[in-house]
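Comments concern the structure below.
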2 protein chains.
Amino acid sequence: MAMTIVTIAEALGLSKSTVSRALSGKGRIGEATKRRVYDYIESHEPESELLKSPKAKRKTYNIGVAIPTFSDAIHLPFFQRCLLGACDFAQSVEYNVLVVGIDNDKIQPLERLIKDKKVDGIILTRALVDDRGIRFLKKKDIPYIVVGSVEDKDVYQIDSDNRSGSKELTSYLYMVGMKKVGLIGGHRNHQVTLDRYEGFLDGVKAAGKQVDDTIIYLDALTDIAIHQGVKQMIRKGADCIVCMDDYICSRVLKELREVEETQVAVATLYDTGDEVFDGTSVFSLRYDPNELGLEAAKLLFNLINNKPVNKRTKLGYEVILRKSNKKSRKEDNDEEKVPTWRRL
Amino acid sequence: MAMTIVTIAEALGLSKSTVSRALSGKGRIGEATKRRVYDYIESHEPESELLKSPKAKRKTYNIGVAIPTFSDAIHLPFFQRCLLGACDFAQSVEYNVLVVGIDNDKIQPLERLIKDKKVDGIILTRALVDDRGIRFLKKKDIPYIVVGSVEDKDVYQIDSDNRSGSKELTSYLYMVGMKKVGLIGGHRNHQVTLDRYEGFLDGVKAAGKQVDDTIIYLDALTDIAIHQGVKQMIRKGADCIVCMDDYICSRVLKELREVEETQVAVATLYDTGDEVFDGTSVFSLRYDPNELGLEAAKLLFNLINNKPVNKRTKLGYEVILRKSNKKSRKEDNDEEKVPTWRRL
DNA sequence: GTGAAAGCGCTAACAA
DNA sequence: TTGTTAGCGCTTTCAC
């Protein structure tokens with residue numbers, strides 16, 4: 001038979017209301033008494049529901065992960081991997097993960113998750129410049145973590161160090177002899193686009209070059225736009241094209257192959273290690289989306305459980321020259337990080 | 001203020017104990033009295049917790065979706081899209097989706113989901129030949145749907161019509177003049193692999209050809225294996241290579257490009273429309289993973305709510321000749337389904 | 001079948 | 001800080 005508040009009161013020589021207060025935390029209650037009550041329950045029936053405070057009872061042991069539903073997102077394994085990383089951590093602390101698909105103009109699924117009190121906290125896997133999801137969560141009394149970078153200092157956030165990475169790779173490109181570097185990127189409404197853009201400019205300056213020597217082409221949202229961007233860069237004499245992500249990179253490679261242009265080098269500022277390059281030699285910044293999701297879940301877990309959490313977390317990256325597969329197969333696919341580079 | 005058992009008793013001129021019995025069903029209670037009580041609540045506060053039987057109270061309005069965590073799965077946007085399809089339907093009926101990442105040798109996350117009673121039902125997004133997830137669920141008293149095909153007739157399942165599709169595409173390849181067709185596929189432990197294999201053989205027979213005229217290479221689990229498979233097929237004089245999925249297809253195209261082999265046609269038995277082919281002309285069976293996830297969620301919803309559900313559901317496909325992008329861009333990316341085909 | 005009354009497990013108000 | 005007491009919402013027992 002399960003313990004009740006009365007059996008405890010009798011066993012400890014207290015009144016049932018004192019025990020009630022000890023457990024609920026409400027009202028005035030002595031620290032020593034509280035200890036006695038908790039110790040008694042823990043030693044006699046550690047599984048007891050009584051140990052769970054009314055607040056704890058309302059805990060769901062679920063976290064919510066919001067992933068974008070539309071367009072470019074579907075091409076990138078980033079979100080899937082981020083989600084699985086979060087699942088991985090959640091599993092380790094016996095939490096579960098609820099997913100919702102949202103877009104900036106459609107956040108109802110997120111709203112419903114909060115309204116129905118289905119989760120103890122939320123992870124947003126993408127940050128937009130003016131993000132309705134973040135605006136909504138700020139108003140609610142629920143912990144949340146944003147994967148990505150936002151200006152707002154009040155928002156707990158975790159991100160790959162896009163700016164530093166982009167700077168490092170860009171200046172590296174000049175080091176190995178590039179003369180005219182082009183940058184092609186996506187939506188300016190995505191914070192990452194801006195971060196990588198800034199990092200790119202940092203790199204150009206660090207290499208002692210002029211921004212005038214570069215060709216910048218943003219808002220390349222469609223394949224047509226990428227096609228035009230590449231055409232423009234070739235016309236203007238770029239010897240290297242820096243792509244902001246895997247997807248753009250795969251399209252750029254395709255464009256170059258189609259026009260049989262083999263004298264232009266390619267780099268990507270976001271390489272998740274999913275082989276979308278068909279083995280072509282590409283400079284890249286290698287990030288791990290799984291880790292991002294896992295760390296985000298860890299931060300959220302700490303936030304939920306009132307442990308100290310930094311407002312901003314940055315994860316690292318690797319600078320990689322991916323060798324052509326023909327070569328790397330012979331050498332058992334190991335990666336080479338020395339600053340040599342061969343034309344395609 | 002929420003209705004209580006007492007307010008109802010007063011309103012209906014009954015004692016609170018009678019109302020209690022009417023709602024709990026326990027003890028002796030008149031059918032007419034029961035009706036009166038239920039009718040009163042339904043008309044005054046249909047949302048009331050009192051209407052929910054102890055069993056109904058345990059409903060979570062969550063469904064669980066299990067996606068694979070490892071290896072090949074990460075390359076395929078299939079599972080992400082399937083998941084989003086399920087989210088989409090869930091949202092429309094005010095359910096939520098819990099994700100777990102599982103593998104055949106690691107189904108703890110799934111077990112925990114059931115043990116903790118976090119969900120009213122489960123969708124498995126992949127069927128293995130001897131699937132521990134399915135074996136586990138069969139023992140539990142919880143509705144579940146398998147996306148994929150399983151032999152077991154007791155299992156509710158939904159799948160793309162892999163066999164018919166594979167048959168149709170294969171026989172079509174012979175129709176347009178292929179002489180020696182190779183098949184390259186993944187793990188024999190995956191039911192889809194077997195289905196496509198059978199469909200391929202059906203197609204060969206339907207075209208009046210001998211299986212001896214084909215080259216079959218299964219268990220191509222690694223890039224190295226694919227490399228060897230392709231090499232072997234070229235050596236044996238294949239004029240067309242049929243790939244079992246998008247990923248294998250992209251690797252095969254890469255291999256062919258590397259050896260500058262332009263006389264071998266390529267087809268894929270699973271094309272999700274995510275552009276992994278770099279615009280190369282490929283025969284394909286086009287499926288929609290979002291729809292699969294959405295329909296699976298719909299079936300599960302019906303199962304949970306005791307509506308009639310077919311044990312087996314098959315979704316359709318399109319047979320497509322994807323044109324080279326160079327050409328399709330000019331023609332605004334429309335797809336061509338006439339039986340013409342150009343060598344790369 | 002129904003109702004009165006007692007009881008259970010908890011919270012809340014208030015006195016000390 | 002603790003105990004007393006009242007009360008809430010519900011179930012169960014028992015008499016009719």
Side-chain angles (χ1 to χ4, degrees), chain A residues 1-62 115-120 141-142 304-306, chain B residues 1-61 115-118 120 141:
Chain A
M1 192 53 200
M3 252 191 252
T4 76
I5 213 166
V6 189
T7 60
I8 299 163
E10 282 166 355
L12 296 179
L14 297 170
S15 79
K16 62 176 184 172
S17 36
T18 305
V19 177
S20 170
R21 271 189 294 254
L23 291 171
S24 70
K26 287 180 189 170
R28 286 175 302 185
I29 181 73
E31 201 52 50
T33 319
K34 212 188 230 173
R35 267 257 85 78
R36 285 182 64 205
V37 172
Y38 272 94
D39 287 348
Y40 179 83
I41 303 176
E42 272 159 17
S43 62
H44 288 77
E45 197 183 306
E47 300 300 301
S48 172
E49 287 296 317
L50 294 172
L51 281 183
K52 296 166 187 164
S53 67
K55 193 181 156 195
K57 271 178 197 152
R58 259 174 266 125
K59 281 192 67 168
T60 62
Y61 300 99
N62 294 332
K115 181 172 71 66
D116 296 350
K117 301 200 195 328
K118 293 271 197 167
V119 293
D120 300 335
D141 182 30
I142 188 164
I304 289 171
N305 295 288
N306 299 313
Chain B
M1 193 53 201
M3 254 191 248
T4 76
I5 214 165
V6 189
T7 59
I8 299 164
E10 283 167 353
L12 296 180
L14 297 169
S15 78
K16 61 176 184 171
S17 35
T18 305
V19 177
S20 170
R21 272 189 292 254
L23 291 171
S24 71
K26 287 178 187 169
R28 288 177 300 184
I29 182 72
E31 201 52 49
T33 321
K34 213 188 229 173
R35 266 258 87 77
R36 284 182 66 206
V37 171
Y38 272 94
D39 286 349
Y40 180 82
I41 304 176
E42 272 159 17
S43 61
H44 289 76
E45 196 182 304
E47 299 301 299
S48 171
E49 288 297 318
L50 294 171
L51 280 184
K52 296 170 185 158
S53 69
K55 193 181 156 196
K57 271 177 196 152
R58 262 177 266 125
K59 279 197 68 166
T60 63
Y61 300 99
K115 182 172 69 66
D116 296 351
K117 300 200 195 328
K118 293 271 197 169
D120 301 334
D141 182 29

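Just so it is clear, the values below take in all heavy atoms, side chains as well, and ignore hydrogens, waters and symmetry mates.
For B/Met3 and D/dC10, the CE to P distance is 11 Å, given to the nearest whole Å. Straight-line distance from the NZ atom of A/Lys16 to the P atom of C/dG7: 13 Å, rounded to whole Å. C/dA12 atom P lies 13 Å from atom CG of A/Leu23, rounded to whole Å. To the nearest angstrom, C1' of C/dG7 lies 16 Å from CD1 of A/Ile5. We find that NZ of B/Lys26 is positioned 17 Å from P of D/dC14, with the value rounded to whole Å. In this entry the distance linking CD1 of B/Ile29 with P of D/dT11 reads 12 Å, nearest Å.
Annotation: side-chain hydrogen bond (donor to acceptor under 3.5 Å, both in side chains) contacts of A/Asn305 (sequence neighbours excluded): A/Lys59.
Among all heavy-atom pairs drawn from B/Pro46 and B/Leu51, the shortest one is O-CD1, 3.4 Å.
A/Ile8 comes within 4.0 angstrom of nothing in the nucleic acid, heavy atoms only.
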Sort me out a list of protein N/O and nucleotides 14-16 of chain C N/O pairs below 3.5 Å, or just none if empty.
none

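Contact annotation: the side chain of B/Met3 approaches that of B/His44 to within less than 4.5 Å [non-hydrogen atoms, C-beta and beyond]. Between A/Tyr38 and A/Leu23 the shortest side-chain heavy-atom distance falls below 4.5 Å.
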Could you tabulate the donor-acceptor pairs under 3.5 Å formed by side-chain atoms of residues 5-19 of chain B, not counting sequence neighbours?
unit_1: B/Thr7; atom_1: OG1; unit_2: B/Thr4; atom_2: N; d: 3.0
unit_1: B/Thr7; atom_1: OG1; unit_2: B/Thr4; atom_2: O; d: 2.8
unit_1: B/Ser15; atom_1: OG; unit_2: B/Ser17; atom_2: N; d: 3.4
unit_1: B/Ser15; atom_1: OG; unit_2: B/Ser17; atom_2: OG; d: 2.9
unit_1: B/Ser15; atom_1: OG; unit_2: B/Thr18; atom_2: N; d: 3.3
unit_1: B/Ser15; atom_1: OG; unit_2: B/Thr18; atom_2: OG1; d: 3.0

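Between B/Ser15 and the phosphate of C/dT2, there is no side-chain N or O to OP1/OP2 separation shorter than 4.0 Å. Proximity of A/Thr18 to the phosphate of D/dG3: a side-chain N or O atom is located under 4.0 Å from OP1 or OP2. Taking only side-chain nitrogens and oxygens, B/Ser17 never comes nearer than 4.0 Å to OP1 or OP2 of C/dT2.
In the model, A/Asn62 has a side-chain atom that pairs as donor or acceptor with a side-chain atom of B/Lys118 under 3.5 Å.
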